[in-house]
Visitor: 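Take a look at the following structure, please.
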Amino acid sequence: MISQLFILSSKGDRLVYRNFRGDGGDDVTDAFYRAVTSLPGDRAPVFMAREGRHFVHVRHGGLYVGVTTTADTSPFVLVEFLNRLVTLLREHCGTLSEKSVSVNVALVHELLGEMVDFGYIQTTATEVLRSATHGEPETTKAFSLLDLRSVGLFGAETQQSKVAPGSITNRPVLPPRGEQPARSELFVDVVERLTVVIAANGTPLKVDVQGEIRLKSFVPGGCELRMGLTEELSVGTEEQRGYGRLPLAAVAFHSSVDLEEFEQERVLRVTPGPGEVTLMRYQLAEDVPVPLPFRLLPSVEWDPAGRLRIHLKLRCDLPPKQGDPTLCPPSPPSSHAINVVLQLPLPREASSLAQELSSPEQTAELQGGGRCLRWAIPRCQGGAQLGAVFRVQLPPTPPLGLGPAALTFELPALTVSGLRLRCLRLSAPPGAPPAPPQRWVRHLTHSDSYVVRL
Amino acid sequence: MPYLGGEEALRDLRRALSNPHVQAEPLRYRAAVLRVIRLMTQGADVSGLFAEMVKAGAAADVVQKKLVQLYVCAHAPRLPRLALLAVNTLRRDCADPSPAVRGLALRGLCDLRMPGMQEYVQQPLLNGLRDRASYVRRIAVLGCAKVHRLQGDAEVDGALVNELYSLLRDQDPIVVVNCLRALEEILKKEGGVVINKPIAHHLLNRMADLDQWGQSEVLAFLLRYRPRSEEELFNILNLLDGYLKSSSPSVVMAATKLFLVLAREYPHVQADVLVRVKGPLLAACTSESRELCFTALCHVRQILGSLPGHFSSHYKKFFCSYSEPHYIKCQKMEVLCELVNDENVQQVLEELKGYCTDISVELAQGAISAIGSIARTYTEQCVGILTELLGLQQEHITSAVVQAFRDLVWLCPQCTDAVCQALPGCEDIIQDGEGKQALIWLLGAHGEKVPNAPYVLEDFVENVKTEVFPAVKMELLTALVRLFLSRPAECQDMLGRLLYHCIEEEKDMSVRDRGLFYYRLLQSGVDEVKRVLCSPKSDPSLGLLEDQTEQPVNTWASEFNTLAPIYGKARWALVTAHQPGEPCYAFSPSTDSGNRGTESLISEGSKEVLKVHPDTGSLTLIPDVTLTAEQFEKTWLSLDVGCQQSLPWVGTVHPDTIQTALHVVHIRTIAMSKAGVQPWKAYFIAQDDSGCLFLTELLLEAEDSGMQVAVKQSEAKPEALQAFMSVFRTAVEAVAGLRS
């Protein structure tokens with residue numbers, strides 16, 4: 001049961017506030033904001049008990065989206081509801097930011113009125129809410145860099161080899177009422193997250209690949225979508241799955257996905273309404289070797305005066321330019337990593353840094369008051385090897401405890417597991433639309449955590 | 001502070017809202033209404049625009065209607081007379097041909113939280129329950145619950161309850177779920193909605209039509225059902241099997257809880273369910289949503305409490321990621337400590353060792369104490385790692401390691417030698433009080449094994465004048481006296497100096513008292529000192545006890561998928577202890593509402609009573625006393641009056657108000673006369689945490705005679721009786737004050 005719901009800006013201003021049950025004063029949000037800001041940085045826990053209330057909140061785009069609730073409510077329901085609310089706000093307002101919410105405040109109130117009554121969740125389905133709301137979304141030009149989802153879509157790959165710009169999905173899903181949709185488009189994203197720990201001797205200790213197939217549709221409902229996945233796919237434990245080249249440990253499908261052809265053909269069938277859904281979540285089996293995109297070869301020299309010379313060699317093991325033409329569909333023409341950042345914690349506070357980098361676009365700096373070295377590489381081609389030498393001045397004590405190094409990066413147009421969409425067909429409903437919808441397929445891998453021990 | 005408008009802005013808005021040109025243009029009219037809502041959300045007082053806003057609600061624009069409703073509902077409790085203006089418009093809209101407008105108006109009508117609404121709402125509500133459109137029925141069903149809540153303790157309308165029960169068979173799934181929710185609230189006093197066999201099976205059959213929210217909720221309601229036979233139980237479990245694989249974690253968890261609770265007598269079924277839920281829980285633990293991840297981790301810990309080995313083979317999933325927020329890393333380290341076993345201990349320790357050098361001081365110290373707690377089982381390896389960490393010579397690390405050593409030596413005496421060898425050198429690095437205390441304790445308790453212990457303590461004695469933490473000085477006194485017993489020659493001189501300082505120069509009282517205590521103790525002879533101080537230096541049995549905390553699943557099954565596992569046991573007890581429960585609302589139908597609604601007055605009154613509570617010292621009244629009227633009568637007749645008092649009272653009594661006020665302080669009503677009867681009588685029961693019953697009679701003979709209170713007590717405890725009287729008096733006076 002939800003007692004109150006609120007959206008606060010990062011400065012604590014109330015953008016939206018609903019009191020569903022009529023209990024408690026209106027100063028609830030102040031109590032919440034005080035509690036959140038009294039904790040440093042990312043410490044604010046998701047659940048907080050303050051002044052006899054339970055607060056649950058999520059943070060997106062700099063906004064606090066939170067509710068107060070009673071103790072016997074399922075925490076999973078609350079968290080899932082808040083996440084769903086955030087998705088719906090994105091769908092209806094384009095992006096999620098202080099500006100877009102305050103511009104669309106009437107629409108947001110309308111949505112909340114239909115979603116929750118007397119603290120009970122009624123519905124969160126995009127189509128139902130669409131028919132029950134009457135306001136028009138107003139778009140804002142603001143583009144928030146904090147919005148991770150929009151950052152992740154660069155260098156998109158489509159069947160027509162066209163590139164969809166990252167911000168194209170940042171518009172409301174619903175066309176203004178009474179107008180034909182400007183473009184009917186369909187986005188399918190295969191996004192994988194890579195969690196890796198590599199031991200000091202170079203052997204991978206933990207490789208965890210989690211993937212999602214997301215569908216964002218701007219097409220009016222009624223079309224059936226057939227989506228063919230890589231045929232080598234197999235699901236289940238070691239005994240069950242046989243000899244597939246792409247074994248998945250666990251798969252969960254959205255309830256709207258028709259799996260009739262999945263066992264045989266690896267085809268997902270779905271009839272999407274407008275809006276965003278996660279069709280499939282999967283996890284790669286742990287015992288499968290995955291080619292790791294990066295290798296780090298460090299060498300550290302130390303002299304007693306406290307000078308530390310760190311020589312780092314970073315090798316990008318992505319397939320170089322020419323892909324294997326026999327693959328279907330052919331692998332992308334070039335594979336590369338972007339926004340590569342290496343962070344290396346230092347044992348003591350360093351006072352100065354001198355660097356030799358292999359290209360001018362790379363940068364290196366000290367962070368966190370000299371406790372951390374940050375090396376940024378905007379773009380790294382597959383097969384390339386980058387070298388860098390850093391000289392750091394430390395207080396003169398033995399330099400134990402260097403590392404582990406953490407890498408963050410994105411691999412556009414590539415899934416490390418090798419799962420790809422073979423085909424994407426859209427069958428038109430009986431009253432065929434004037435133009436076939438534009439389809440975009442994008443593959444992306446980003447690093448959740450890529451840690452190399454030294 | 002945001003800019004809140006003020007007089008100027010209000011005047012502008014009023015002008016805009018009443019301007020006929022603005023009213024003629026729907027978009028401009030709506031924009032003006034929207035500005036009012038924005039101001040309201042920011043916390044400005046916009047109640048002055050009530051009349052204009054109500055008028056704006058009569059326009060045809062649906063968006064505008066919704067916004068106005070938001071405004072009216074927020075202000076109705078404070079301006080009940082003006083809110084009546086809105087009622088007419090809403091009642092008219094309840095008969096609109098469009099279901100959307102009908103539903104909206106009905107919702108608005110039920111959301112007006114002010115006394116005396118029942119008569120306006122009743123008819124539209126009944127029509128709404130029988131409406132053709134499911135949208136309206138959904139709203140009407142919840143409307144019943146809203147109206148009931150508004151009436152407070154009024155008796156339950158049997159016809160309405162029957163109607164709601166029959167609506168459980170409605171076509172629309174959301175109507176069904178809403179019926180359950182409404183009945184639950186209306187019948188709260190009688191234990192909530194009754195789930196009998198036909199209803200349970202009906203709900204099971206409707207599960208597939210529901211969305212994830214409905215499914216989780218229905219699964220929670222089914223917890224109440226007790227299958228008649230083993231066969232029925234397993235049929236139900238079979239029907240629900242699919243929900244353990246749902247793509248929504250909330251449904252999976254709700255189903256898990258239902259399985260655990262229904263199969264409480266079948267441990268193998270419970271174990272099987274926990275195995276099957278492993279996959280979804282692990283997926284949630286590695287979910288992209290940090291919040292979901294955190295929630296799942298808390299539940300993993302709950303399961304680990306009963307099945308320590310349950311997630312051991314998946315230990316790598318609980319390794320911290322570089323980018324995760326602090327609260328997730330802490331949870332993961334706790335999980336790692338709990339699932340460690342012979343096979344993975346090497347890898348887990350290796351991983352935790354990596355966190356010990358983290359940039360975040362809290363995380364590093366957390367990792368060290370995690371290694372310390374694993375050391376209770378895998379002592380040798382962990383002590384090795386901790387000793388290695390001392391080599392880093394970092395202040396916060398050394399301090400945390402020494403603290404971990406202290407706790408460890410107490411539980412695992414076999415590692416004492418290794419620890420004592422590692423200690424020298426630490427004293428130069430540790431700066432914080434906690435760390436110093438731990439080091440001094442170790443040197444005092446095991447000083448005979450550390451060659452230079454007296455000299456280290458001597459340094460502390462030299463610097464005692466500049467020491468800021470009194471706790472360190474106390475620890476130093478104890479340690480030095482102890483060391484003196486084992487190495488008298490080296491310690492005698494400095495012990496004298498320390499005692500002199502503590503007794504003659506020390507300003508902190510507790511340190512001085514401790515100094516005097518040891519001084520006198522030493523005067524009584526060495527044997528006496530030994531008898532007092534040489535207690536055992538370790539207690540391995542404590543470690544064993546802590547390991548034996550594996551609780552059976554049934555102890556937490558009913559708390560699974562609530563907020564209890566999120567806070568953890570200790571914090572949960574703390575959180576719930578301070579919770580007075582959901583605030584109570586009551587309206588007595590004839591209470592004259594002043595310029596503010598009765599609602600706020602009652603709750604203020606009850607707050608006052610609650611504030612009195614702590615002052616009453618030892619008295620704690622427990623919330624649910626179970627005593628029937630017959631039992632009460634018997635007890636009442638068998639006891640003597642313990643206390644009699646007269647409280648000032650003027651006028652007639654409103655039973656509901658008194659009942660509510662006393663209920664808030666956990667005094668339950670057994671019986672009372674109707675309002676207006678003379679003499680008016682009422683009987684109450686309460687029980688404190690020691691089990692002592694308080695039986696109370698209230699008697700009002702004539703209008704102006706004052707209220708006679710007679711209290712009988714099941715055990716003679718004069719103090720408790722006094723405390724009870726003061727609680728009772730405050731509650732009754734709050735009601736009396738309310739009326740005058």
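Reminder, nothing fancy here: chain letters follow the sequence lines and each chain counts from 1.
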Visitor: Which heavy-atom pair separates E288(B) from H446(A) by the least distance, and what is that distance?
Guide: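 Heavy atoms of E288(B) and H446(A) come nearest at OE2-NE2, 4.2 Å.
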
Visitor: Of the non-hydrogen atoms in E80(A) and W213(B), which two are nearest, and what is the gap between them?
Guide: C-CH2, 3.7 Å

Visitor: Below 4.5 Å, heavy-atom pairs only: which of I174(B), I139(B), I328(B), D111(B) has the largest tally toward chain A?
Guide: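 The answer is I174(B).
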
Visitor: On a heavy-atom basis, which atom in F253(A) and which in S247(B) lie closest, and how many Å separate them?
Guide: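 Smallest interatomic distance, heavy atoms only, reads O-CB, 3.0 Å.
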
Visitor: With side chain to side chain contact (heavy atoms under 4.5 Å, CB included) as the criterion, how do L82(A) and E291(B) come out once you've worked through the C-alpha distance, each side chain's angles and the decisive distance to 0.1 Å?
Guide: CA-CA 10 Å; L82(A) 287 173; E291(B) 293 82 14; over 6 Å; no

Visitor: Out of Q283(A), H254(A), R453(A), which one racks up the most heavy-atom pairs below 4.5 Å with chain B?
Guide: R453(A)

Visitor: Apply the test side chain to side chain contact (heavy atoms under 4.5 Å, CB included) to residues L142(B) and Q122(A): give CA-CA distance (whole Å), side-chain angles for both, the deciding distance (0.1 Å), then the verdict.
Guide: CA-CA 11 Å; L142(B) 281 184; Q122(A) 300 291 300; 3.4 Å; yes

Visitor: Could you go through the side chain to side chain contact (heavy atoms under 4.5 Å, CB included) check for D117(A) and N178(B) one step at a time?
Guide: CA-CA 10 Å; D117(A) 192 7; N178(B) 279 356; 5.9 Å; no

Visitor: List the atom of A145(B), the atom of F118(A), and the distance in Å for their closest heavy-atom pair.
Guide: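 Heavy-atom minimum between the residues: CB-CE2, 3.9 Å.
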
Visitor: Counting heavy-atom pairs under 4.5 Å to chain A, which of D61(B), V33(B), L70(B), L34(B) comes out on top?
Guide: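 The answer is L70(B).
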
Visitor: Nearest 0.5 Å, what's the CZ-OG1 distance between F319(B) and T195(A)?
Guide: 12.5 Å

Visitor: Between Q69(B), E350(B), R30(B), which residue shows the highest count of heavy-atom pairs closer than 4.5 Å to chain A?
Guide: E350(B)

Visitor: Side chain, backbone, both or neither: which part of L15(A) has an atom under 4.5 Å from a heavy atom of chain B?
Guide: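 For L15(A), the contact with chain B is made by the backbone alone.
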
Visitor: Check each atom of N561(B) against the heavy atoms of chain A and say whether the ones under 4.5 Å are side chain, backbone, both or neither.
Guide: both

Visitor: Determine the minimum heavy-atom distance between T286(B) and Q210(A), stating which atoms define it.
Guide: OG1-NE2, 2.7 Å

Visitor: Quick one: does R38(B)'s side chain have a donor or acceptor within less than 3.5 Å of a partner on S102(A)'s backbone?
Guide: yes

Visitor: Looking at F6(A), F81(A), Y17(A), which one has more heavy-atom pairs under 4.5 Å with chain B than the rest?
Guide: F81(A)

Visitor: Kindly assign one of parallel, tilted or perpendicular to the pair H54(A) and W572(B), based on the angle between their ring planes and the thresholds 30° and 60°.
Guide: parallel

Visitor: At a 4.5 Å cut-off on heavy atoms, which part of E217(B) comes close to chain A: side chain, backbone, both, or neither?
Guide: side chain

Visitor: Distance-only, no hydrogens or angles: does the S449(A) side chain make a donor-acceptor pair with backbone N or O of S323(B) under 3.5 Å?
Guide: no

Visitor: Taking 4.0 angstrom as the limit, do K317(B) and D208(A) come out as a salt bridge?
Guide: yes

Visitor: By a 4.5 Å heavy-atom criterion (distance strictly below it), what part of E559(B) contacts chain A: side chain, backbone, both, or neither?
Guide: neither

Visitor: Evaluate side chain to side chain contact (heavy atoms under 4.5 Å, CB included) for V63(B) paired with E110(A), printing each intermediate quantity in order.
Guide: CA-CA 7 Å; V63(B) 180; E110(A) 259 197 287; 3.8 Å; yes

Visitor: If you tally heavy-atom pairs under 4.5 Å against chain B, which of V77(A), L407(A), N83(A) wins?
Guide: V77(A)

Visitor: Give me the atom names and distance for the closest heavy-atom approach of R181(B) to I121(A).
Guide: NH2-O, 3.1 Å

Visitor: Output yes when K66(B) and E114(A) qualify as a salt bridge under the 4.0 Å nitrogen-oxygen rule, no when they do not.
Guide: yes

